[in-house]
Amino acid sequence: MSNPEIEEVPIRDDMIRLGQLLKLANLVEDGVEATELIKNGLVKVNGEIDDRRGRQLHVGDAVTVNGQTVRITKDS
């Protein structure tokens, strides 16, 4: 079984909120879509479902939505 490719998403600050990351990584079109996906348990953070749109994410965290996974990196 092969792992899907993980896309890296660089951030400037030390943390980003889950809803913001979903928009930045183009996993959703807007905040409303982000809220719906999170509320319905369709977003995983580091392999576990998270229902907090304001969840603070840091470098190294991985977020999966609809089979797409992104990992946060530090913008250099």
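Pairs engaging residues 21-35 under the side chain to side chain donor-acceptor pair (under 3.5 Å) rule: T35-R53 [sequence neighbours left out].
Residues passing the side chain to side chain donor-acceptor pair (under 3.5 Å) test with T73: none are found, sequence neighbours excluded. For K74, the salt bridge (charged side-chain N to carboxylate O under 4.0 Å, His left out) criterion is met by D14, not counting sequence neighbours. Residues passing the salt bridge (charged side-chain N to carboxylate O under 4.0 Å, His left out) test with R52, sequence neighbours excluded: D50. Taking the side chain to side chain contact (heavy atoms under 4.5 Å, CB included) definition, one finds that D75 meets it with P10, R12, sequence neighbours left out. Under the side chain to side chain donor-acceptor pair (under 3.5 Å) criterion, E36 pairs with K39, not counting sequence neighbours.
Through direct or indirect side-chain contacts shorter than 4.5 Å among Ile, Leu, Val, Met, Phe, Trp and Tyr, V45 is connected to V9, I11, I16, L18, L21, L22, L24, L27, V28, L37, I38, L42, V43, L57, V59, V63, V65, V70, I72.
How far CD of Q20 is from CE of M15: 7.0 Å, rounded to the nearest 0.5 Å.
Proximity of R17 to Q56: side-chain heavy atoms (C-beta onward) are separated by under 4.5 Å at one or more points.
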